[in-house]
Amino acid sequence: MQIRPEIKEKIVLALDVDTLEQAKALITELKDYVGVFKVGLQMYTGNGYEIFNFMKEQNIKFFFDVKLHDIPNTVAKASENIVRHGASFFNLHTTGGEEMMRTAAQAAKKAAEECGYEPPTILGVTVLTSISEESLQNELKVPYKPNDYAMHLAIMAKRAGLDGVVASVWEAKKIKQACGKDFKVLCPGIRPEWSNKNDQKRLATPSVAIKEGADYLVIGRAVTSAEDRVKAIQMIYEEIENALLTQNKSYALSKGRLILENGMIFEGESIGADGTSYGEIVFNTSMVGYQEILTDPSYAGQTIVMTYPEIGNYGINKDDFESGKIHAKGFVVKNLCEHESHYKSSISLGDYLKQNNIIGLKGIDTRYLTQIIRNYGAMNCAITTGDITAEIKSKMRDYRISKDITMDVTTYKVERFTGSGIKLAVIDMGIKKSILENFKALNCDMTVFPADVKADEILSGNFDAVLISNGPGNPEDALQAIETAKALLGKIRIFGICLGHQILSLALGAKTFKLKYGHRGGNHPVINTETNEIFITSQNHSYAVDASTLPSNTKITYMNLNDNTVEGITCEQYKIKTVQFHPELTAGPYDANKVIISWIKETEQSKILTI
C-alpha cells in the first residue's frame, strides 16, 4: 500500500512498551509507516535523553508527551532542552497561564533556530485540572462558560503563540472553528473498531476523529499489540483515507471563513460569490422564508445566520421576493440543499447568491455560532473566500452600518397603487413587498413616498392616514423621518410598523436602545396587554423602545413575552398606533394580520365620522 506523506503525518504512535530495547525495536520496524512516535514521561524517566538521541540519529519525528512542570527545571529551560534533543512536537500544560506558554514557546523556537532545526510544533493541553476556573477567567478577560473550557484553553494557547492543542475528539471541531483551520488539534486515545478492546469503546475511531477535525491521531496498543503491526497500520491509513474522502468539506476543502469581531474564526465551504464582505452578524430562527429574509431591506448591512439546519430545499421562485435585490451582506447556513425540489423553483439558492454577488458559507455549526452571538451580542464580522489578512481584520473592526442606510433602501420616486379603500400615504423606510401587497389586498389607495419626504407634502395630499414602514438601521439616525413624524402628530392618523414604531416613539419623546442580539424569526410570542391574547409573530429588528421613557399620554398595547420589551403602543391624543412586529402574512405566522385589518376599519370609521 502506498501511503501519502500527508496521511502518514497524521498518525502519532504511542510507544506503549516497557523497555528501551522494545521501543527501539518497535521504531525500527515501523519507522517507514509512522509519521511521529510518542514518548511518554515513563520512557523518559527511565532512560533520560537516550530514547531522544536514538530517534534523532534515525531522523525520526517524535512527540514528547509530558507535563513540563514535572521536570526539575524552569518550563522555558525544559522546553529549550527538549528541542535541542530533537523533539518535533511537545505539549505545554497551562498551569502557568498564557504568559508561561508564550515564554516557553519562544525559548523552544529560539533553540530550534540555533540548532538549525525546523520549528517545533508546540501544543497546549485542554485539561481543566491544569488551571483553575478562576485563573482561566482572569486570563481570558471574556465571559467564561464551564462547558466550553477546552475552547477557552485553546484560545489562550493560540494567543500565546502555540501551534495547537491536545484535546478530546469531541472538542476538535469547536476548537478548529474558534481558532482556525491552521491551529492543530492532536487527539489521544484513538482506537479502530477492529481492535476488539471492549474496555475502550468510549474511544473514537480514526474515521470519527478525522470527521471531527483532528489533525493528529494518537494510536497505541491497537498497533503495538497487533500480531501484524504493519498490516494494522495500513488498515488505519485506509480508514483515514476513506474518511477524508467522505468527511465534511468544511475541514477537508475549506473555501471560506467567517471572522468575528471577538477573534473567533469559523470555517466552511463557499456557497456564493468569491471575495470578502463585511457586516453585522445576526441570527434568524425561521424554519422557512430564506428568500424573503435575504431580500428584506431591513437586513441591509447585516450578515444573516440561519439557525434552522437545512436551508435551500425549495429553491428560489419568482413570487416571494420582498424587494428587487438581496440586501443582506452575507449568508451563513449549516446545510445547503443542493437538489432543491418545488414546482415553483426557478433557481437554486446557491446559484441565486452567486448571481447576486453575495458571499455565503455552509458547513458552519450554526447552533454553536448562535450561542456565541447570544453570549457576546451582535458584532461585526467578515466573510472571505481568500486568506485572512490584517487588512480584512482592520476593515471588519471599522465597519459601521451607514447612518443613511434607509436612503439606500427606500424608493427613489413617488409611486401610486390605486384602490377603492382608504387613501394611505406610505413613508418607505425599506418596506417589504408583502406589506404593500397586504394593504393592496385590503383595497387601500396608496401613495408611497421616499424616506426623506417632508410633512407638508403628505398633508397636502388629502390622505386619510399615514403608514411609516419597517426598515434597517438605528432609528435615531432617521432624523428626517422623525421630524416628519413630529410635524404630523395630531394632524392625521398614523400607523407604524417595526422601524416606523420606533420612529413614532421617538417623535413622542421616548428613547430607544439596542438589543443584545435583536429579534429575528417567525416564532416570537407577543401579548395584547388589553385582551391578554397571545400572537406568534414575525420579527426583524435590532432596537427597542425604552418603556420607561414613553410619555404619560401613551399606552403600551403589546409586550414581548420573551424579554418584556415594548411591541406596540397607542396614543389617542395624536391618533397613533404602532407595532414592533411584522403583522403582514409573510414570511411567518398569520396570527397578527388582524392588527392591520382592525386599524384600517378604525380609519374607515373615523373617515365616516369626519364626513
Side-chain angles (χ1 to χ4, degrees), residues 417 419-429 431-448 458 463-470 485 488-505 507-508 519 522-541 545 547 550 553-561 565-611:
F417 298 92
S420 59
I422 65 170
K423 191 174 180 183
L424 183 64
V426 179
I427 301 179
D428 176 11
M429 306 301 296
I431 195 166
K432 291 162 56 176
K433 187 188 80 170
S434 58
I435 293 179
L436 286 174
E437 294 294 334
N438 204 186
F439 279 92
K440 282 165 64 177
L442 295 169
N443 297 316
C444 293
D445 184 14
M446 292 184 292
T447 302
V448 181
I458 291 176
F463 293 102
D464 300 315
V466 175
L467 167 67
I468 304 179
S469 82
N470 66 292
L488 294 174
L489 292 180
K491 299 174 182 176
I492 190 169
R493 299 176 65 84
I494 313 176
F495 185 48
I497 295 176
C498 199
L499 180 61
H501 153 77
Q502 297 161 5
I503 287 171
L504 284 167
S505 297
L508 288 167
H519 296 167
N523 57 354
H524 290 261
V526 168
I527 188 168
N528 183 319
T529 59
E530 297 176 336
T531 65
N532 286 334
E533 183 179 8
I534 295 173
F535 302 153
I536 301 301
T537 67
S538 176
Q539 302 202 12
N540 172 19
H541 58 99
V545 173
L550 285 165
N553 63 349
T554 303
K555 182 178 179 181
I556 297 174
T557 50
Y558 298 97
M559 293 289 289
N560 189 295
L561 290 176
T565 51
V566 178
E567 289 283 353
I569 62 170
T570 183
C571 178
E572 294 296 338
Q573 179 182 351
Y574 293 129
K575 299 180 285 190
I576 287 174
K577 285 198 173 183
T578 73
V579 289
Q580 178 66 80
F581 50 90
H582 291 201
E584 83 286 355
L585 298 177
T586 58
Y590 291 4
D591 297 27
N593 185 241
K594 62 183 72 175
V595 174
I596 292 178
I597 296 172
S598 174
W599 181 73
I600 289 176
K601 286 182 177 179
E602 289 176 8
T603 302
E604 290 173 338
Q605 186 64 32
S606 173
K607 183 178 178 180
I608 293 171
L609 292 174
T610 301
I611 294 173

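Since this is a predicted model, take the numbers as computed values, not measurements.
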Exercise. Give, for atom CG of Leu488 and atom CD1 of Ile468, the distance between the pair rounded to the nearest 0.5 Å.
Key: 7.0 Å

Exercise. Can you sort out the partners of Glu530 under salt bridge (Lys or Arg N to Asp or Glu O under 4.0 Å), two or more places apart, ordered by chain and number?
Key: Lys555

Quiz item: Are any side-chain N or O atoms of Thr570 and backbone N or O atoms of Lys577, one a donor and one an acceptor, separated by less than 3.5 Å?
Solution: no

Practice problem: Specify the closest pair of heavy atoms between Met429 and Ser469, including all atoms of both residues, with the distance to one decimal. | Solution: N-OG, 2.9 Å

Practice problem: Return the set of residues passing ring-ring contact (aromatic ring centres under 6.0 Å, His included) with His524 (not counting sequence neighbours), or none when no residue passes. | Solution: His519

Quiz item: How long is the gap from CD1 on Ile492 to NZ on Lys575, to the nearest 0.5 Å?
Solution: 8.0 Å

Quiz item: CG of Asn540 to CG of Leu499: how many Å apart, nearest 0.5 Å?
Solution: 10.5 Å

Practice problem: Please name the pair of heavy atoms, one in Cys444 and one in Ile600, separated by the smallest distance, quoted to 0.1 Å. | Solution: SG-CD1, 3.7 Å

Practice problem: Could you tell me which residues satisfy ring-ring contact (aromatic ring centres under 6.0 Å, His included) with Tyr574, sequence neighbours excluded, listed by chain and number? | Solution: none

Quiz item: side-chain contact (heavy atoms from CB on, under 4.5 Å) with Asp464: which residues, sequence neighbours excluded?
Solution: Ile422, Lys423, Thr603, Lys607

Practice problem: State which residues pass salt bridge (Lys or Arg N to Asp or Glu O under 4.0 Å) with Lys440; sequence neighbours excluded, sorted by chain then number. | Solution: Glu437

Quiz prompt | Polar side-chain atom of Ser505 near backbone of His501 as donor-acceptor pair, under 3.5 Å | solution = yes

Self-check item: Gap between atom OG of Ser538 and atom NZ of Lys432 - 0.5 Å precision
Solution: 5.0 Å

Quiz item: For Ser420, what residues pass the side-chain contact (heavy atoms from CB on, under 4.5 Å) criterion, not counting sequence neighbours?
Solution: Asn443

Practice problem: List the atom of Ile431, the atom of Asn470, and the distance in Å for their closest heavy-atom pair. | Solution: CA-OD1, 3.3 Å

Quiz item: Does Phe439 have any ring-ring contact (aromatic ring centres under 6.0 Å, His included) partners at least two apart in sequence or in another chain, and if so, which?
Solution: none

Exercise. Work out which heavy atom in Asp445 is nearest to a heavy atom in Gly421; give both atom names and the distance.
Key: CB-O, 4.2 Å

Practice problem: Report the residues that fulfil side chain to side chain donor-acceptor pair (under 3.5 Å) with Glu567, sequence neighbours left out, ordered by chain and then residue number. | Solution: Gln539, Asn560

Self-check item: Pro583 to Val595 - nearest heavy-atom pair and separation
Solution: CB-CB, 4.3 Å

Exercise. Could I get the full list of side-chain contact (heavy atoms from CB on, under 4.5 Å) partners for Ala547, not counting sequence neighbours?
Key: Ile556, Val566

Quiz prompt | By salt bridge (Lys or Arg N to Asp or Glu O under 4.0 Å) - contacts of Lys433 (at least two apart) | solution = none

Quiz item: Roughly how far, to the nearest 0.5 Å, is the OH atom of Tyr558 from the OG1 atom of Thr529?
Solution: 8.0 Å

Quiz item: Which value, rounded to the nearest 0.5 Å, describes the distance between Trp599 atom CH2 and Thr578 atom OG1?
Solution: 12.0 Å

Practice problem: Report yes if the side chains of Ile427 and Ile458 come closer than 4.5 Å at any heavy-atom pair, otherwise no. | Solution: yes

Quiz item: Does Thr557 have any side chain to side chain donor-acceptor pair (under 3.5 Å) partners at least two apart in sequence or in another chain, and if so, which?
Solution: none

Self-check item: Thr554: side-chain contact (heavy atoms from CB on, under 4.5 Å) partners, not counting sequence neighbours
Solution: Leu508, Leu550, Pro551, Ile569, Cys571

